[in-house]
Number of protein chains: 2
Amino acid sequence: MSAAPSIPPGSDPVVEVIRAAIVRGDHVPDQRLVEVDLAERFSVSRGAVRSALLQLGNEGLVERIPNRGARVRAVPPAEAIEITEVRMVVEGLCAAKAAQRVTDAEIAELREIRAEMIAAVEAGEVVIYSRLNNRLHRRLVELSGQATTGGALERLRGQSVRHQFRLALQPGRPAVSLPEHLAIIDAVCGRDPVAAEQAARGHLGSVIHALRMSADTASSRAS
Amino acid sequence: MSAAPSIPPGSDPVVEVIRAAIVRGDHVPDQRLVEVDLAERFSVSRGAVRSALLQLGNEGLVERIPNRGARVRAVPPAEAIEITEVRMVVEGLCAAKAAQRVTDAEIAELREIRAEMIAAVEAGEVVIYSRLNNRLHRRLVELSGQATTGGALERLRGQSVRHQFRLALQPGRPAVSLPEHLAIIDAVCGRDPVAAEQAARGHLGSVIHALRMSADTASSRAS
DNA sequence: CAGGGCAGGATTGGCGACAATATCGTTGCC
DNA sequence: GGCAACGATATTGTCGCCAATCCTGCCCTG
């Protein structure tokens with residue numbers, strides 16, 4: 001394995017573990033994160049947990065109130081939409097760049113992902129599809145060669161994973177997102193920057209639309 | 001000058017002080033940042049400095065090598081260009097949103113900035129103009145109502161301030177950027193989202209072009 | 001019975017000291 | 001004369017303790 005794990009080097013392992021625990025859903029939004037609990041849970045010192053929570057705090061994953069501790073932040077739907085809007089334009093840019101720089105080997109890799117996605121949807125394997133989804137988006141940004149951008153996007157995405165995931169589980173959702181994903185892949189493999197940008201924008205635009213619907217039904221159901 | 005609480009809330013004051021010192025140029029790129037030096041320089045404990053460097057590290061302003069300390073990161077021109085490309089699309093989005101949401105009072109404020117910019121350029125006050133420039137960009141993002149986006153942009157911008165500033169000092173540069181800024185302001189004040197997005201993109205596209213030229217001359221001069 | 005004040009417990013914040021590690025200068029050897 | 005190993009120093013990383021702050025439940029009072 002050659003290279004480049006997405007956020008590997010230098011990043012505190014404790015941060016990764018806690019982040020993973022939150023993303024995985026071990027901790028629900030608004031749940032308190034007590035330093036000593038986490039410390040003995042992961043068998044590390046309290047200082048390590050402390051600095052990890054600090055970092056996760058300014059990544060926006062947890063909310064830190066002075067003298068009152070940290071809790072996992074509940075990202076409101078409006079903010080998830082906002083984040084996705086930014087992703088729409090930035091990933092559009094990245095898709096265009098990727099289309100310009102993609103190599104033959106990378107095209108083969110994308111085609112492989114493409115085939116796996118189709119297979120996953122046909123088999124009704126939503127969680128596999130969801131994972132391929134993340135992998136595709138991340139790989140496209142990597143292919144664009146924009147390292148700094150990738151970091152910023154990763155952080156943004158981290159805050160909306162929960163919403164993204166809930167969306168992916170909606171029945172019928174894969175059927176609409178699959179062709180959009182295929183369009184992105186085809187445009188990049190065809191080395192057509194304009195089409196790639198349009199396809200990426202179109203896809204995330206569709207995600208935004210779905211998020212809006214989801215937010216509406218949630219609020220009306222609450223009444 | 002009262003207060004420009006650009007990133008005020010909750011943020012550790014020590015982080016702000018060190019960040020300001022770096023941005024101001026007190027520390028040149030690649031210069032080592034020794035914890036105890038900074039600690040006594042700012043009359044705070046080493047722990048405070050330590051956690052501040054941690055945070056600045058994952059903001060990308062300083063580079064931290066394990067067991068070897070922190071140094072202010074030298075942002076290569078290619079990366080400054082990359083960052084500006086992202087700003088181009090994101091601030092384009094924000095300008096469009098701002099054009100939709102701007103209030104009459106805010107339009108008056110923008111017109112005031114507009115007048116000050118023209119005056120600064122006519123008077124040849126480049127540093128005042130540069131400051132107005134930053135204020136305009138920041139205000140536009142605020143007006144778009146995208147808080148999370150604003151944070152991400154702020155972080156990105158922090159890494160390229162040095163390049164931005166050097167650019168602003170180039171003779172003839174204000175003459176080309178001023179009309180672009182005016183176009184953005186006019187589009188937003190005219191509540192025309194499409195024009196605002198185009199204007200913002202055009203402006204940052206021009207900045208990218210200038211950065212490329214600057215990078216070229218710098219590399220040829222180095223030979 | 002309701003409201004306000006008060007103590008007890010729990011949790012975070014900060015500080016200092018100690019241990020681990022890298023860097024640099026020196027010395028000795030080939 | 002150059003190179004390698006070694007020791008001294010400077011700097012970072014981590015741990016444990018104590019002070020500050022906040023929340024909870026209880027008791028006293030009106």
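Throughout, protein chains are lettered first and strands after them, A, B, ... in sequence-line order, and every chain is numbered starting at 1. Values in this document were obtained by computation on a predicted structure and should not be read as measured data.
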Locate the shortest heavy-atom distance separating B:S214 from B:R166; write the atom from each residue and the value. OG-NH2, 3.6 Å
Hey, are B:E59 and B:R155 close enough for a salt bridge, meaning a charged N less than 4.0 Å from a carboxylate O? no
Distance-only donor-acceptor check, side chains A:S206 and A:R173, under 3.5 Å: yes
B:T148 and A:Q159: CA distance, side-chain angles, deciding distance, side-chain hydrogen bond (donor to acceptor under 3.5 Å, both in side chains) verdict: CA-CA 10 Å; B:T148 305; A:Q159 298 181 41; 4.9 Å; no
At a heavy-atom distance below 4.0 Å, which nucleotide of DNA chain D is the first touched by chain B, and which is the last? D:dT11 to D:dT14
Side-chain ion pair, B:R101 and B:E106, N-O less than 4.0 Å: no
Check: protein-nucleotides 15-18 of chain C nitrogen or oxygen pairs below 3.5 Å:
from: C:dC15; atom 1: OP2; to: B:S45; atom 2: OG; distance (Å): 2.6

Could you walk me through whether B:E82 and B:R87 satisfy the salt bridge (charged side-chain N to carboxylate O under 4.0 Å, His left out) test, starting with their C-alpha distance in whole Å, then the side-chain angles of each, then the deciding distance to 0.1 Å, before giving a yes or no? CA-CA 9 Å; B:E82 179 188 327; B:R87 282 185 55 196; over 6 Å; no
Do A:R201 and A:E85 meet the salt-bridge criterion of a basic N to acidic O distance under 4.0 Å? no
Check: residues 127-134 of chain B side-chain donor-acceptor pairs under 3.5 Å, at least two apart:
from: B:Y129; atom 1: OH; to: B:S177; atom 2: OG; distance (Å): 2.6
from: B:Y129; atom 1: OH; to: B:L178; atom 2: N; distance (Å): 3.2
from: B:Y129; atom 1: OH; to: B:H181; atom 2: ND1; distance (Å): 3.0
from: B:N133; atom 1: OD1; to: B:H137; atom 2: NE2; distance (Å): 3.1
from: B:N133; atom 1: OD1; to: B:H181; atom 2: NE2; distance (Å): 3.3

Name all residues meeting the salt bridge (Lys or Arg N to Asp or Glu O under 4.0 Å) criterion together with A:D30; count only those two or more places apart in sequence or in a different chain, and write none if there are none. none
Carboxylate-amine/guanidinium proximity below 4.0 Å for A:E63 and A:R71: no
Are B:R138 and B:E142 ion-paired here, with the side-chain N under 4.0 Å from a carboxylate O? no
Does any residue of residues 52-70 of chain A have a heavy atom under 4.0 Å from DNA chain D, and if so, which ones, in number order? A:N67, A:R68
Electrostatic pair A:R157:A:E91 at N-O distance under 4.0 angstrom: yes
Hey, can you pull the residues of residues 29-40 of chain A with a non-hydrogen atom under 4.0 angstrom from DNA chain D? none
